Amino acid sequence: MTDLKIQIGEYIRENRRKQGVTQENLAEMTGISTHHISKIECGKTAAKFERILNICSALDISMDYFLYLVDTDKERPRIELQQLKEKAIYEELKMQLNEAVKQAIDAFDYKGHKMK
């Protein structure tokens with residue numbers, strides 16, 4: 001597995017280059033020295049979270065990459081927002097249905113009828 005510092009640096013460099021941004025431009029955009037950006041991109045230093053956040057913001061790239069760093073030959077797990085919403089709705093409906101069934105059973109038992 002590639003060193004985490006190297007993976008982060010490669011991701012930043014790749015995205016910076018895709019956008020045609022130089023290290024000097026990125027330094028101006030983030031307030032981080034070009035020397036430090038170079039060291040981050042080469043994996044020679046670990047960037048603090050705040051600096052990674054500044055770089056991602058300047059390059060308009062997602063932070064989610066850093067949450068799922070894995071071996072390069074494996075897929076990163078992703079859960080779509082729609083799937084999360086559907087699951088939340090399902091769980092809420094299931095809870096409401098269970099509560100309604102419980103209330104119906106309680107009401108039936110209360111009237112002197114016993115469930116068998």
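None of these values were measured; they are calculated from a predicted model. Scope of the values below: all heavy atoms of this structure, side chains included, with no hydrogens, waters or symmetry mates.
Partners of Arg16 by side-chain hydrogen bond (donor to acceptor under 3.5 Å, both in side chains), not counting sequence neighbours, listed by chain and number: Glu41. The side chain to side chain contact (heavy atoms under 4.5 Å, CB included) check on Glu99 picks up Lys102, Gln103, with sequence neighbours excluded. Residues meeting the side chain to side chain contact (heavy atoms under 4.5 Å, CB included) test with Gln19, sequence neighbours left out: Val21, Leu59, Ile61. Take His36 and apply the side-chain hydrogen bond (donor to acceptor under 3.5 Å, both in side chains) test, not counting sequence neighbours, and it matches Arg51. Contacts of Lys18 classified as side chain to side chain contact (heavy atoms under 4.5 Å, CB included), with partners at least two apart in sequence or in another chain: Glu14.
No more than 12 heavy atoms of other residues, nucleotides or ligands sit less than 6.0 Å from atom CG of Asp60. Atom CD of Gln96 has more than 12 neighbouring heavy atoms from other residues, nucleotides or ligands inside a 6.0 Å radius.
Using a 4.5 Å cut-off between side-chain heavy atoms of Ile, Leu, Val, Met, Phe, Trp and Tyr, with links allowed through other members, Ile8 and Phe49 fall into the same hydrophobic cluster.
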For a quick test of your reading: what N or O donor-acceptor pairs under 3.5 Å do the side chains of residues 25-32 make, sequence neighbours left out?
residue : atom : partner : partner atom : Å
Asn25   : OD1  : Thr22   : N            : 3.1
Asn25   : OD1  : Thr22   : OG1          : 2.8
Thr30   : OG1  : Leu26   : O            : 2.8
Thr30   : OG1  : Ile32   : N            : 3.2

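Taking CZ from Arg17 and CD1 from Ile12, the interatomic distance works out to 13.0 Å, rounded to the nearest 0.5 Å. For the atom pair Ser62 OG and Tyr11 OH, the distance stands at 6.0 Å (nearest 0.5 Å). Note that CG of Leu97 is 11.5 Å distant from CD of Glu92, once rounded to the nearest 0.5 Å. Note that the CG atom of Asn15 and the CZ atom of Arg13 stand 11.5 Å from one another [nearest 0.5 Å].
For the residue pair Ala47 and Ile52, the shortest heavy atom distance occurs at CB-CG1, 3.7 Å.
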